[in-house]
Each structure stands twice: as structure tokens, then as C-alpha cells.
Amino acid sequence: MEEAIYQIVTELEVHRNDLHSQTPISESALLALQTLLDYTLDKDDPIEIENLSDELSSKNLSLASSLLQPLTSAMDSGVPHHSLLASKVYLSLLLTPNFPVLSLFTPMAFLSLLRTIRRSFKNTPSGPPSANVAKKKRGGRGGGRSKNTSKNVEEEGEEEREPVREFDVRALFPVLERLHLVLRLIHLGRFPDSLKALVQTVAEIPVTALEPCGNSANYTKLCNLCSQILSELLKSEHGDKSITAAEVLKSLSSSILLSKSQARTFSLAFVVNKMAVMAKDSDEIRKAMVNLPKYLVSKAPEKSEPRALAVDSILEIVKSLEHKEQMEFADYVVKMTIGKPQLRLLAVDLIPILITTLNNPLGTSSENNDPLDTSSENGDPVVTSSENGDPVVTSSENGEPVVTRSENGDPVVTSSEKKHESSWGFRCLQALLQRCSDSVAGIRARALTNLAQLVGVLSGNDENKKGLMKVMGFGEDGGINDVLRERCVDEKAAVRKSALVLMSKLTVLQGEGGGFDEMLLKIMGIACSDQLVSIRKAAISALSETFRKFHDDNVTKEWLHSVPHLITDNETSIQEECENLFLELVLDRISRAGSNLDGRSERNQNPLFSDGVLGLLKEICHSEVTPWVKKICTNLGKKKKLKPKIALSLQNIIKKSESMWLTDSKPISKWTAPAGTWFLLSEVSGFLLKAVDWEFLYHHWQLLDKHEEASHSPHEEEQQFVELEQVEGVESSSVDWAGDRVFLLQTISNVSVELPAEPAADLAHNLLKRIEDFSMHSMEVTAHVKALRTLCKQKAKTPEEADSLVIKWVHQLLSKASKTLETYLTKESEINKGSTLVTPPTRTKGNNTNKSSTTMSRLLSQAVTAVYTIGSLVIICPLADLKSIVPILHNIITSGISDPKLKKLASTSLSVKQVAPSLYTQAWLTMGKICLADGKLAKRYIPLFVQEMEKSNSAALRNNIVVMMADFCVRYTALVDCYIPNITKCLRDPCELVRRQTFTLLSRLLQRDYVKWRGVLFLRFLLSLVDESEKIRQLADFLFGNILKVKAPLLAYNSFVEAVFVLNDCNAHTGQANSGSSSKENRLFSIRGNDENSRSRRMHIYVSLLKQMAPEHLLATFAKVCAEILASASDGMLKIDDVTSQSVLQDAFQILSCKEIKIPTNKGPAVESTEMEEEATGENAVRGRVITQVVKKGLIQNTIPIFIELKRLLESKNSPLSGSLMECLRSLLKDYKNEIDEMLVADKQLQKELIYDIQKYESMKAKSTAAEAVGKGVNRNSVIATSKVTSAVAGVLAEVTARSVLRDVNQGAGTPSLSAMNVPKLKSNTAGVSKHKGKSAAVLESLRRRQSFDLDE
């Protein structure tokens, strides 16, 4: 020990001789001193320290003062090992008994100690991982500086690097342990700066020690030491607890908001487990704890993942608070929902976890002692009062409140309802519901998503469900239904998707709330055709969830019309989902209902009636649903997902329906099977052959056959058929039976392999006989023909034998059909022979006329069926001999031609078109089928088809010819290609069915590349976007938004400018005048006019096209509109005086100022973007910045000069388009107010003129608005509260007042008394009244005597 003391004294003498030296004490001296201190502290014997002090005293040195400067220098040396050793010695000296602590402890020395602790972690060498972490924390900045720094470190020498490598974090443990002990001796209340620095240092240790700590044990011990130090600092000895606690929490908040790490875990654990316990005994700490969640709210990050972690941290802290404090924070969160966007978004995230985590959010628990609860504990009657003060007596046996009414009958709000409305959760739910209509899309989407989550959680409890329904306000104005109507058509995809998710969750409450909104059903159905796959999936899920819960007819109808058609969707996953949902919600439901029919005859117990299965089956056979049902059943059958149970259930339903009918003693001839059963059985039977009973089929075939024989004559059936062609919506039992026979025949064909030989032969003979009679309904003919062919092929031994059998009876039927046609035409010609050429031919009245008329009607019915039969035969046997048939059909279809040149082709003067329109229509249909089988005939007759399509007055015939032309396009593409413009004329047909059919067929041809998007085709399709029919508009939106966007992404961009001219019927872009016929076509496919309706329709088309473009195409479109429209107008190529040219310019201004053509610059905060948009980072962000620069450059170089030149031209001609130009220019420059100087830097005078013109235009517009408002007597407060409009209103009102005053002066009217004027009342000055009274009267009199004058205009 003596040697150690000698060494220490010697070195301290050296330091005394050099008073200004900053040389640290040597490491050997520190080790010697530490040895003495360790002995002293371990033995608790200060003898050695006293000896050292005596030695120093003999040298005129003080132990504390002589050691302070060398130790401080050693701690500031920067070498971790040396500085840590000095820190340990410094703290050990402070712990030494009887040591003059206040002499050694100084704030500067203590700060050096803290710097040593910080520096020990920062100087720790780390490998590549830690280096990467450091770069990430710096955000990649200062790369050059880091490189130079590392270079300088290398130049300092190896002696400094070696100790750094050997640093062990465990060397810090004794320092922190001694620091904890020192804090018990030294109270930092007198040193606030030291206290603050210590808190910050200790709070940073868990963050900076993540990398240096080799294992979790070392890190855990380090965190425990930090926790002990922070806990010690929170004692009252170290000053005001509230200040210390606030500083501790503030320092820990940064690590609490970190991403998931051990440092975040430590900070949260310390706050929740340590400080929360201390807060129970200390009001100062409790106040700081209460403020911590609010502080974290203000510091929470904006991006979604860090924000979610911040929300979790806040929740953990709130859970550690008392119930009252939790309620206060919930109220604070409610107030956040009306704050800044970032606070609103955070509040939207906090509300759901608060409600789901904290106890009793809606005040339903008995633990919540609500003062509003008036129920008695023992059930005694309790006297309460209603809202109007009337006394009300409420009683409850179990203490629960009951529904009561006042004496005058008014309902009284019960305690349960009051609990709901007064609870903090109710207020949070209301705030969340309001945020669903927030101005920021990201907040709207998040609020809807979180509300859907809460609905799913709270709806599981009956009491919570009541409160939830109260908040939602089903069926009320401003309730959830109104919100969802708006959000489902929101411009942002993420909002629409979230709204659909919420709708799917709300199905639990919809029925109970009594507010099931049919409009929401329709909106969900429309969303199933949305452009985005994610939204289509969400819509399918929402609508299917509704269909799963409710079997209402409206729900069933909407689901079947919206979901099954997605089997043709481009997305495979949607197709699979569609199949699975149809299997679950339709087929399985029918299977359950059909298998539970045994022994239940009462309607109220019958699942067919109670479960809505009959309505489901009826809607399945709807003409718009059947194509998709067929495809779904086919796909399910191929995948072997169809179970025999569905076929058995359908048979049970038919049997049960028949037995119930007979039980009611009704005639079987009036019975029909439930609509849709035979159709669905015919579709599934092809894959479930053994599940269909032949006896069942044979029984119903005989039943239907007998009904046909006993029914009305074929003539009446044909008359009904003709009426069905001409009048939509006509139904009859005859048609129902015919439809059932068709589907039954299809079922028989499907299971024909399983039929016994003898019954199959009898059935084939029966079918042939019925076909030969030509007495069936047309819709039955094809089914009979196909069934007969199937039976022949199934029962023939070889394919050759089957073909010969088919050809044999086909020729037999063709021969009889030809004779039937000739018979009718001959009879009709004989009747018309000798009559005058009038239209229609007149006949002589008489008794024989009635018989002749009946005979001709029967012959006509047979002829029509014969013609239809010929077409059906051609389809199944294209090689049949038709030499005798074609001339007859030719005569029929050419009998109505009015062109003299073409009329020479007709060999008969009989006009079948006028005498027998049904035969005429059927002949065209059959000729089309023949042309499909014979290419030579097709080449000759296709021009006739086109001519008839354009000139026919029959919508049914035009529709049939459009279908045939589509088939010709597939079979003879080259022949039909030149007639595509003629076909597109049907897109403007007066009949909606023809327009929809044309649109659908051409769309399919375009998708399959039989027709190309070239010429006028694309431009003519545009008008379907604004068609009168809502169904056609939906189809057009789906085509342009889904199919074209993928198949032809450049089409909208390439044709945009041309579309502007074409839609306005302006040919300035072509430079040629239209001929008479082309002008008529152009007007047909244009929306001429400058009225509001025409402009809005054209603008809808433009916006639809702009939505399909990529950002770079929007930029190019902007440039093209400026160059090809605006520049053409300024150069004189586009005549401004022309009406159509003015419309083109007006549209161009609207296009350039619409929001769809603007490039999103992402200038706003991150909260304004939805989470779906946050994913668009990396290349997209760089791409967006480049595009933004290009936009500015384009505005500088191209747009501004064109606008200025055009502005001068319009002003010189006093054109009304000047206002539109200024509106457009103002809109373009609105987002670039700060860049106007940069854009017009070359011409300052022009810049001032442009700004002045815009300001002048805005002032004039505000003034005109104000004048109009004042002229109509509108109150100033009701006018739009903009500064310019408000000042303009004030100016106009002042001018009106001035005019009235001057008018009174000119007319000699007396000045109104002061009391009659609307001016502030002033205190009277009695002393000065008499003095100035005479002078004021003289001035007023002089004004009255002056000459008349008016206000200068």
C-alpha cells in the first residue's frame, strides 16, 4: 500500500507543478488509487485513504482538490478503458467514508462521467452489421464524413485501437453500480442540469447498448442497473418529483416509439411496472404518467407500421392508469378526432383498441355506477321523471330498469339507454363514425376498417349490440346507411374497399335494426364490377355475407345478378371464389331444402317456403342469370364438385310440388313445376347421370306431352309467340310448359346413356313424330332435334350408323318442311291473286272468309315452325341438302325489298314482310344459319343482311341480324370486316335490347381479336359510357376500366384528342367537310351542343378515359390537348366563330383544369395517402418526382405561351370563352403559386399582367356573384364565406346604400333621423350640442340645394 500511496503522491505533485495542464492521471496511478479505494470500501476502514491524505497534506496538497482536475481529464480522454477506470475511481472516492464529497463533486466532473458512459458505447468497434445500422439511423447522410473519420482514426496509431477492441460492456457494470450508490449520498435537486443529463444518459443506454452487448444476460443486467438508477432519481431527495418524472418519461418516450426492440420493451416495462406503482403513492408522478400518453400522441410517427407500434405503446401505458384517468384519455382521443389530420388518424387507430381492451366501454356492466341509473337494488318502485318533467314510476324485480312511459304516453329513456349514451365508448364510436366521412381519404379508409373491426367484436354481446345499433342509427338521416352510400362510391379505392368490409360486418345488425337499405344492395352489386381486383373481392364477400344471413327476395336477386357473372372475370381467384360461393349459397341450400321435404306438407313448415328456396330457383332461370349459371355448373361438374344430392333434391322438389297440387284437388293440367327446377336439373344432370331416375323423367314427359295435346291449338301458341316477339314481359302457362319440356328434353339427352333400349326407341319415335307435325312452340324445336340426335348416337352401334340415321331423318324433315312452306305460299298467293296492289292486301268479307282465315293462320303457324326447324336441322347437320329450301327462303326475305334493282332478284310479287311478319323474321334467322354452314351463300347474302339490319323497322329482326353478323365475323372474318362500321350503328339503336346486344357481342369479338380497335370503332363505343340505359353504362365502365386497360392500355391516350373533336361533331382536325351521309353518321355518334347536359356527358367520357391512363400518358395528353386544340385555335386553324369549334375549346379548357389530368405530386403529408398508396415507394416515388419536374418544364415552355396568345385572341373578339380560359389558367397555376416567378422569369412584365388578369377575373366573378345574391335578397351570411365574395357583397351593399342616399338628396327628401339609421349609438355630449347645432343644420341644407348629381359609374 505504501508503494501505491507513494506513486499517487508523486504523480499528483507533477500535476501541481503544471497548474494549467490538462494531462489526465496515468493508468498506473488510477490502478493504485483504485486498489486503495477497494480496500477501504471492502474493509470499511478508511485508514489507507487517511494515510494518503496525510502524505498529501505534508506536501501541501489536498486529496479532493488535487485529484479533481486529473480525474476529470482522464474521464474526458476518449479512451474507453482509461476513462471508465477514472470514472470508477471518481465514484469510489465519493463513496469513501469520511471523504469530503462536496469538495470532489462538481457539475462539470459529473458531466464528464456521463460523457464517459455515453462514449463507451459509441466507440465500441462493430462489424458490418452495426455499421449498416448506423448508416440507416443517419439516413445515409454524411457518407463522405464517415469515410474521412475512419481514415483519421487509422492515422492515430495502433496503440489507441487496441484497447478499443478489448472493451467489454461488463466493465461498465461497476461504474453504474457505484453511480447508483452515489445517488443515495448526493442529492441532485440542487443540480438540475446534472439531473437532466443523468436522466438522458441512462435513458439512452438501453438503445445504444443493443449492439455492444454480446448476450441477453449482459443486456438484462445493464437494463436492471438503469432501472435502479431511474427509480432512485424519482425519490423526493432529488428535487421535485413532477419535474423529474416528466424528464424521465420524456427521455424514455423516444425508445418507446422505436420499432420492436429490447430497448422499447425495457422503456415500456419501466413505465408500466415501476412508475405506475410509484404513481399510486405520488400525485406528482401520477400527473406525469397521465400526460405521457398525450405526449406520445404528439410524437407518434405518420407511417403505418411505426404508428401501429406507437398505438400499442400508448395502450399499454393507458392500461396501467386508474379508471378515471383512462376515461379522461378516452375523452382526449375524442377531441383528437377534430384536430389536425395526423391527430385524427391516430385517434382513429386508438379508438378500437381502447374499446376492445378497456373494461365496460358502453356502460353495460353493473360495475359501472352510473348516477343516471334509477333502478332500486331491492326492486322497489323508483320515482323518476321524464324529459318534460312528468313523474314516472319504474319498477324492476331484479334491479334492472324497465321500459316506461310518462302519464301522457310519451316514451321515457330508460337507464340502460342513458348508460349507453353517457358512456365513453359511445362517444368514441360516434367520433369514429364521423371520421368515416373525413376530408382525408386515408382517415376515411382507416375509420371504416376500424369500425368494421369493432362491429365484429361488439356484436357478440347483446348489450353491446344495442349500444352499437344506437350509434349506427339504422334508417335514420345521417346514419350508417347514408355514410356507406357515399363511401361505396368514393373516389379512393381503399375507401371503397373498407366500406365494403364494413358492410359485410354490419349484416349481423341490419335486420335487427330495421334499416336494411336496398340502395346498399345495389351499390354492392355495382362494386362487384369495380376496376380493382381487391374491391371486387371485397364486394363479393360483403354481398355474399348478406346473402348468407338474409334470404330476402331483393338480396337473392342482387346476389344472382352480381356475383355469378364474375365467372368470366380475368382473375382466376375470383372465378374460383364465384364457383365456391355458388356451390355453398345456392346448390347446398337447395340440397338441404330438397332433402328435408319428407312428411312436411304444411307451408309454414316447408323449407321451400320458409327458406326462400322457391324464390331462389325462380331467379336462377332469369335470362340475365342463366348463362352464368350454366358456366358455373359446367366448371363445377368438370372439377367433380357436384354431388348427387343436388339432383335428388331437385327431383324431390318437383315431386313435392306435384303432390301438394294434387292434395289441394287442383287439375294437373294447370300445374307447373317450380320455376327454375327443370333448368337447374338439366344443367347438373350431365355430370350426375346415375342420380336422375328414368321413371321420374318418363312420368313427367308423359305428363307434359298430354298437356301439350290437351292445350290450345298450335295457331294460338304461334300467336302467343308472335306477341312475345313484339311485346316484352308477356308470360303464359303455355310458355312455362314449353320451357319445362325443353329442359326436360335436355335432361333426357344428358342421361340418355342410362336409358333402357326400348323406352329410348319409343321416345325417339315420339320426338320425330312431334317434329314432323310442325305444331310445337319454336323454343321446343331445337331441344327436340338435339334430343333426337343424342338418342340416335347413343343407341347406334357405330358412329357411321348414327350419322346415317341422323341424315335420314334430317332429309325427311327437310322435305316435309319444304312442302309445308310451299303450301302456305301457294295458298297465300292464290288469295292475293287478282287483288289490287295495296298494302296490306284487302280481302272480301263473308262466311267463307272466316274459314279461310282460320286455315291460313294454321298454315302460317306451321310454316313458321317449319322454317325454324330447318335452321335447327342445319345446325346439327351442316351437310344436309338444301337446294329446294334456299330458293324458297330467298323469295321470302327479298319480298320486302323496296329497291327496284334488288327487287328483280325476287321471283314473287307476294310481300311476306307485310302479310306474315313472323315468317319473314324467321326466314332471315334460318338463312343466317344456312350461311354459317355454306360460305358461298354467305358471300352472296351478307350484304343483304347488312341492308336489312340498317333499314328494318322490327327491333327483334335487327337484334337477330346483329347476332348473326357476330357469328359471321367469327366464321368469315375477312368478309365482315368492312361492315363493322355498319354494325356499330346499332350501338345507337332506339331499342335498348339491340344496343346492349350489340355492345356485348362486339366486346366479345374485340376481346377475341376478331375485330380490331381501329377506325371509328373505339370512338363509337365511347357513347355507351353515357347511354340512357344503366345496364349499358355499367357494361361500358367494366369494358373500359377492366378489359381495355389491360388489353389496350394506349388506346385511350392515342384517341383522346380525336374523341374531343368527334364528340363535338367538329371536323376541323380532318380539314375536310362531311358529305350528307357521313354527316348524318357523325351526328349520330356525337353529343353536340354547349348546354349543361351535353357538356357533362362529354366530360364524363373524358374523365373515364383519363382514369385509364398512366401518369406519363396524362402528361402527354395534356401536351397534345394544348398543341392540337389550343394552339390550333390561336393559329387560326380552329375557327373560333364556329359553334362546334367553340364547344371543342370549351371542352379543352375543362379537360386541362379537371383533377383527373393532374399528376399527383405527393406534396402533402403522409397521412393524406391511404395505406394502399403507401406501398407505391421506391421506383414509383422517383418516377413521380421526375414526372413532376417534367410537368413544370412543360408548363414553362409550352402551356403558358399558348394560353397567353389565345387569351389575346379571345379578348380581341370579345369571345365568351375568355372566362373559361381564365378559369382554366387559374386552376393550372393554383398548385404552383410559388413557382410563378420561376416559370415567368424571362418576362417580369408578362408575369405581372398575368397575375393582374387572374386577380381581376376573380374579383369580377366575386362581384357578379355578390350582385346576384343581393339582387335576390340573399342574406350576407348565407353567401359563400370567401374573402373576395364577402368584400364584394359589402361593396355592392354600400353602393346600393349610397345610391339611395343620393337619390333622396336629389329629390329634396329629408335626412332620416339618427334613430332610424342602422349605426352604433354614441354617448351624447350635452356641452357641444348647442355649439355645433346650427352649423350641422346649415351643411345639410346646402346639400339639399345643390344640383342633381349621381354616383359615377
Atom [atom1] in [X], atom [atom2] in [Y]: separation rounded to 0.5 Å?
{"X": "Ile1043", "Y": "Asp569", "atom1": "CD1", "atom2": "CG", "value": "9.0 Å"}
{"X": "Glu1156", "Y": "Ile1151", "atom1": "CD", "atom2": "CD1", "value": "11.0 Å"}
{"X": "Ile567", "Y": "Ile574", "atom1": "CD1", "atom2": "CD1", "value": "11.0 Å"}
{"X": "Arg446", "Y": "Asp349", "atom1": "CZ", "atom2": "CG", "value": "4.5 Å"}
{"X": "Tyr1102", "Y": "Thr1117", "atom1": "OH", "atom2": "OG1", "value": "13.0 Å"}
{"X": "Leu1105", "Y": "Gln1108", "atom1": "CG", "atom2": "CD", "value": "7.0 Å"}

Exercise for review: Could you tell me which residues satisfy ring pair (Phe, Tyr, Trp, His ring centres under 6.0 Å) with His565, sequence neighbours excluded, listed by chain and number?
Suggested key: none
Exercise for review: Could you tell me which residues satisfy ring pair (Phe, Tyr, Trp, His ring centres under 6.0 Å) with Phe547, sequence neighbours excluded, listed by chain and number?
Suggested key: Trp559
Can you tell me if [X] has over 12 outside heavy atoms packed within less than 6.0 Å of its [atom1]?
{"X": "Lys549", "atom1": "NZ", "answer": "yes"}
{"X": "Lys294", "atom1": "NZ", "answer": "yes"}
{"X": "Lys1047", "atom1": "NZ", "answer": "yes"}

Review point. Which is it for Ile540 and Cys578 under the side-chain contact (heavy atoms from CB on, under 4.5 Å) test, yes or no, and what are the steps along the way?
Key: CA-CA 8 Å; Ile540 293 171; Cys578 184; 6.0 Å; no
Review point. Taking only residues two or more places apart in sequence, or in another chain, which ones meet Lys319 in a side chain to side chain contact (heavy atoms under 4.5 Å, CB included)?
Key: Leu315, Glu316, Thr357, Leu358
Study note, to complete from the structure: Those residues at least two apart in sequence (or on a different chain) that pass side chain to side chain contact (heavy atoms under 4.5 Å, CB included) with Pro1049 are none
Exercise for review: Sequence neighbours left out, what pairs pass ring-ring contact (aromatic ring centres under 6.0 Å, His included) with at least one residue falling in residues 1026-1051?
Suggested key: Phe1018-Phe1040
Looking only at heavy atoms, which two atoms of [X] and [Y] are closest? And how far apart?
{"X": "Pro352", "Y": "Thr356", "value": "O-OG1, 2.8 Å"}
{"X": "Ala542", "Y": "Ser504", "value": "CA-CB, 3.4 Å"}
{"X": "His1100", "Y": "Val1026", "value": "CD2-CG1, 3.6 Å"}
{"X": "Leu1114", "Y": "Leu1106", "value": "CD2-O, 3.6 Å"}
{"X": "Ser562", "Y": "Leu566", "value": "O-CG, 3.8 Å"}

Exercise for review: Could you pull out all residues at least two apart from Glu584 that satisfy side chain to side chain donor-acceptor pair (under 3.5 Å)?
Suggested key: Arg548
Review point. So Arg264 and Leu309, side-chain contact (heavy atoms from CB on, under 4.5 Å) or not? Walk me through it.
Key: CA-CA 10 Å; Arg264 175 177 176 270; Leu309 289 174; 4.2 Å; yes
Exercise for review: Might you work through the salt bridge (charged side-chain N to carboxylate O under 4.0 Å, His left out) test for Arg444 and Glu486, ending with a clear yes or no?
Suggested key: CA-CA 11 Å; Arg444 294 198 300 272; Glu486 296 178 4; over 6 Å; no
Point to revise | Evaluation steps, side-chain contact (heavy atoms from CB on, under 4.5 Å), between Val297 and Leu343 | key: CA-CA 7 Å; Val297 163; Leu343 292 178; 3.6 Å; yes
Review point. Should Phe1056 and Val1121 be marked as a side-chain contact (heavy atoms from CB on, under 4.5 Å) after you check the CA-CA gap, both sets of side-chain angles, and the distance that decides it?
Key: CA-CA 9 Å; Phe1056 188 85; Val1121 170; 4.1 Å; yes
Revision key, fill the gap. In Met503, Arg496, Lys497, Met519, the residue satisfying side-chain contact (heavy atoms from CB on, under 4.5 Å) with Cys488 is Met503
Review point. Do the charged groups of Lys522 and Glu1030 touch, with an N to O distance under 4.0 Å?
Key: yes
